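Down below is the structure, laid out as structure tokens.
Just so you know, these numbers come straight off a predicted model, no measurement behind them. These values consider heavy atoms only, across backbone and side chains, with no hydrogens, waters or symmetry-generated copies. Proteins get letters first, then strands, A, B, ... in listed order; numbering begins at 1 in each.
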There are 4 protein chains.
Amino acid sequence: MQTEELIKETAKNVFFQKGHLRATTQEIADEAGVNRALIHYYFRSRNQLFDTVLQETMSELMGRIIGVFKSEATFKQKICSFIDLFITSQYPYLQTFIVTEMVKDPEKMKLFHPKDLDEVLTSFRKQLAVEVRKGTIAPVSMEQLIVNIMSLGSYPYLAKPIIQTVFILDDQAYENFLKERKNLIYRSIFNEDIQEE
Amino acid sequence: MQTEELIKETAKNVFFQKGHLRATTQEIADEAGVNRALIHYYFRSRNQLFDTVLQETMSELMGRIIGVFKSEATFKQKICSFIDLFITSQYPYLQTFIVTEMVKDPEKMKLFHPKDLDEVLTSFRKQLAVEVRKGTIAPVSMEQLIVNIMSLGSYPYLAKPIIQTVFILDDQAYENFLKERKNLIYRSIFNEDIQEE
Amino acid sequence: MQTEELIKETAKNVFFQKGHLRATTQEIADEAGVNRALIHYYFRSRNQLFDTVLQETMSELMGRIIGVFKSEATFKQKICSFIDLFITSQYPYLQTFIVTEMVKDPEKMKLFHPKDLDEVLTSFRKQLAVEVRKGTIAPVSMEQLIVNIMSLGSYPYLAKPIIQTVFILDDQAYENFLKERKNLIYRSIFNEDIQEE
Amino acid sequence: MQTEELIKETAKNVFFQKGHLRATTQEIADEAGVNRALIHYYFRSRNQLFDTVLQETMSELMGRIIGVFKSEATFKQKICSFIDLFITSQYPYLQTFIVTEMVKDPEKMKLFHPKDLDEVLTSFRKQLAVEVRKGTIAPVSMEQLIVNIMSLGSYPYLAKPIIQTVFILDDQAYENFLKERKNLIYRSIFNEDIQEE
DNA sequence: TATGAATGAGTGTTCATTCAT
DNA sequence: GATGAATGAACACTCATTCAT
């Protein structure tokens, strides 16, 4: 039973961490140190491994997102946690993967919409309206706000090769570049630095 | 000689517009209405077609970027043009393509750094410093500013399936969502709406 | 010890009754409700299970054939019983199986020639000669007579799909078609109907 | 274009002459002296090669059958030709093949029922009725008569290994055994020897 | 310049078989 | 005896690539 888990974790890492989206069963098997046929023994087909692994990863991500919004934290704290979610993603290539895969079958995404997401978002929308009225944040729709945070957080991971090339940054310099961004994103929303305590 | 061009253009569209990043030579040949072997006649290998096509597309993109910064326009106009560059990309899947391809061979990107990019950026960095001093824009490094714009512009294209799923937006609604963003991005930089004239 | 028997019987049914001549060990194991590895535990290999099962089935068939000829019945009764043997075979696909398997290794068949078959046939050959002299039956060699009966009895089972197609007969009509044949075969030999009593 | 034909003919021989019904693409390719991938180049899949080859062979067989019945020959001559069709089949394993394949998908056979077969059979049924009235032949339905001939003709080819074993006949002896059968079958129908001229 | 034919390397998948428990 | 896990060999099939014309 732990081998099944090993294959799944290896596949997640190969696909979403290493970004080898077209990885063959052979590559995954090699990486996991198991026989290629074992993948079929546990998952029947490469596609089912894909689906399983994608499903689980998306569930985890959605769970975290919902967790952030459901918490008792203040508005600013929620935003802070949400930024973290996308700035330090466990799976930097997950989103790229989804984009490339979903081109073929966009309907698949619908499976990843959890039941309680809607109410959570509705409640957050109200909270946002309150904060806008209070003047904590400039007027903005919830959708645009959330997409802004995701954009500012994720894109630098996705476009790493482009950005490194344009600005001639080595890996260390890029690391530093990324570190500055959390506070920068926060400031683009609230016009103030993060209050640590 | 025009067949070579035809193949190249077809490949660009298949890869970067349609997002068929793993397109086979057969698909490209079919789409172009030519024999599959012709691709090898002109480009020797599938990889060389890839490289050529990527090289040209990147050159074009870099050319546009440089064009924006080199122009005689005002600072705000430059920013405006730069936003446009990433919001209405001719090749929505180009960046995804780069990301996925560069994972395998990150050194490749170095080929895409044009000679005059550095001086253009240096000059823009000075212009930015001036505007910061003038208070036109909040203090920010040039790198972070540019990456912010690229993030806010490109990411919603890359992550379209995710965003549509989370917020339950159909294609029409998503289109509208995207339209609002240009001004929104501009406002996030200058705290004012775009001045049309 | 009864599991071994269970596997064997299941295999016989799968191969020779259901006609699934290429059945995998998994299918047989599933049908028998046992673990796939057990088949190898008892029979070492799929081929040995095949051989065992074929051997037993052939022995049983040969036993019946010998039983018919060895009995004290009259000549006509023997023929009648012999017809029955091939018209209502317990294993309709046994012969098809033998044909397809023996192509690969024809020597295998020699294992299925029982010791007492020769004497039984010799004795039947004499009985036939007597009946020919008496005029009960038209002159014919024993081999041809026996093959005729086997042909007329078995072939309609083997060629069922062809015959149904040519004459457009559904399963019910084909059933009726087969029922008529016993008397028809008997008449082709003795020019008279079967005397029931 | 002749390679395609070569593959097809090789496949026919492997399947229907040599009786290697489960032949792999590799075996067929080796036999034909071509690369395995060529089979897919011409026929897309192993199944399509099967279907094509089966279709053609069945069409040919059906054509011959119809040809016999459609001819201007006398009743006895037709029967004679029909016997020939099954006694000296070009593809001894064709029928075995059909039997084993059709177990999986009996509906497939329906494709092999030619349009003009029905009228040809209807006309032959009338001719048979006339001959029965004339006393040329003992009363029998057309279906049973035809199946009898097919049985007596084909079965000895299908069951060759069994028969050789039971009667201990070497290949030469079996050859002789088969030669006797044509006249024997004819006599089982008309109670007289074939009139050669 | 263009094409149909041909090939080798590699992919996902199946399966009989083995092994440790 | 019995089982889940694991493996190697084979299979159909795909694809980029080459070659003769």
Side-chain angles (χ1 to χ4, degrees), chain A residues 1-7 22-30 32-50, chain B residues 1-7 22-30 32-50, chain C residues 1-7 22-30 32-50, chain D residues 1-7 22-30 32-50:
Chain A
M1 195 54 75
Q2 89 196 63
T3 305
E4 184 173 356
E5 212 59 36
L6 169 67
I7 293 173
R22 274 307 194 175
T24 64
T25 54
Q26 185 64 267
E27 286 173 294
I28 296 167
D30 287 351
V34 303
N35 185 288
R36 195 164 91 252
L38 254 195
I39 292 177
H40 294 90
Y41 177 73
Y42 283 112
F43 301 93
R44 295 204 62 81
S45 78
R46 184 182 175 277
N47 269 348
Q48 279 206 24
L49 173 60
F50 262 48
Chain B
M1 197 57 75
Q2 84 197 67
T3 306
E4 184 172 356
E5 211 59 34
L6 170 66
I7 293 173
R22 293 300 294 183
T24 65
T25 53
Q26 184 66 70
E27 284 174 295
I28 295 165
D30 286 352
V34 304
N35 186 286
R36 193 167 80 250
L38 261 191
I39 292 177
H40 293 88
Y41 177 75
Y42 284 114
F43 301 93
R44 294 206 62 80
S45 79
R46 184 182 177 274
N47 271 345
Q48 279 205 24
L49 171 61
F50 263 47
Chain C
M1 196 58 73
Q2 85 197 66
T3 306
E4 186 172 356
E5 211 59 34
L6 170 66
I7 293 173
R22 293 301 292 184
T24 65
T25 53
Q26 185 66 70
E27 283 173 296
I28 296 166
D30 286 353
V34 304
N35 186 286
R36 194 168 80 250
L38 261 191
I39 292 177
H40 293 89
Y41 177 76
Y42 284 114
F43 300 94
R44 293 207 61 81
S45 79
R46 184 182 177 274
N47 271 345
Q48 279 205 24
L49 171 61
F50 263 48
Chain D
M1 195 52 75
Q2 87 197 64
T3 306
E4 185 172 356
E5 212 59 34
L6 169 66
I7 293 173
R22 291 305 280 185
T24 64
T25 52
Q26 185 65 266
E27 286 174 294
I28 295 167
D30 288 351
V34 303
N35 185 287
R36 196 165 87 252
L38 256 194
I39 292 177
H40 295 91
Y41 177 73
Y42 283 112
F43 299 94
R44 294 203 62 79
S45 78
R46 184 182 175 275
N47 270 348
Q48 278 205 25
L49 173 61
F50 262 48

statement: Output field dot_bracket for DNA chain E (Watson-Crick or G-U, both distances under 3.5 Å, | for other-strand pairs) contains .||||||||||||||||||||

Rounded to the nearest Å, what distance is computed from the [atom1] atom of residue [X] to the [atom2] atom of nucleotide [N]?
X: B:Ile39; N: E:dT1; atom1: CD1; atom2: C1'; answer: 15 Å
X: A:Asp30; N: F:dT7; atom1: CG; atom2: C1'; answer: 14 Å
X: D:Asn35; N: E:dA9; atom1: CG; atom2: P; answer: 11 Å
X: A:Leu38; N: F:dT7; atom1: CG; atom2: P; answer: 5 Å
X: B:Leu6; N: E:dT1; atom1: CG; atom2: C1'; answer: 14 Å
X: C:Glu4; N: F:dA2; atom1: CD; atom2: C1'; answer: 14 Å
X: D:Ile7; N: E:dG4; atom1: CD1; atom2: C1'; answer: 14 Å

From NE2 (A:His40) to CD1 (A:Ile7), nearest 0.5 Å: 10.5 Å

query: Roughly how far, to the nearest 0.5 Å, is the CG atom of C:Asn35 from the OG1 atom of C:Thr3?
result: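 Taking OG1 in C:Thr3 and CG in C:Asn35, the distance rounds to 11.5 Å.
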
- request: Mind checking side-chain hydrogen bond (donor to acceptor under 3.5 Å, both in side chains) for B:Arg36 and listing every partner two or more places apart, or none if nothing turns up?
  value: B:Gln26

- prompt: Can you name the side-chain hydrogen bond (donor to acceptor under 3.5 Å, both in side chains) partners of A:Ser45, sequence neighbours left out?
  reply: none

- request: Might you point out which heavy atoms bring A:Arg46 and A:Thr24 nearest each other, and give the distance in Å?
  value: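 So the minimum-distance heavy-atom pair works out to NE-CA, 4.4 Å.
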
Nucleotides 11-21 of chain F: protein proximity per nucleotide (B base, S sugar-phosphate only, - neither; heavy atom, under 4.0 Å): SBBBBBBB---

query: Can you check whether B:Phe43 reaches B:Glu4 side chain to side chain, under 4.5 Å on heavy atoms?
result: yes

message: Taking 4.0 Å as the cut-off, does a side-chain nitrogen or oxygen of D:Tyr42 come that near to OP1 or OP2 on E:dG4?
response: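 No, because none of the side-chain N or O atoms of D:Tyr42 sits under 4.0 Å from OP1 or OP2 of E:dG4.
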
field: Contacts of D:Arg22 that satisfy side-chain contact (heavy atoms from CB on, under 4.5 Å) - sequence neighbours left out
entry: C:Arg22, D:Glu101, D:Lys104

- request: Can you sort out the partners of C:Ala23 under side-chain contact (heavy atoms from CB on, under 4.5 Å), two or more places apart, ordered by chain and number?
  value: C:Val14, C:Phe15, C:His20, C:Glu27, C:Ile28

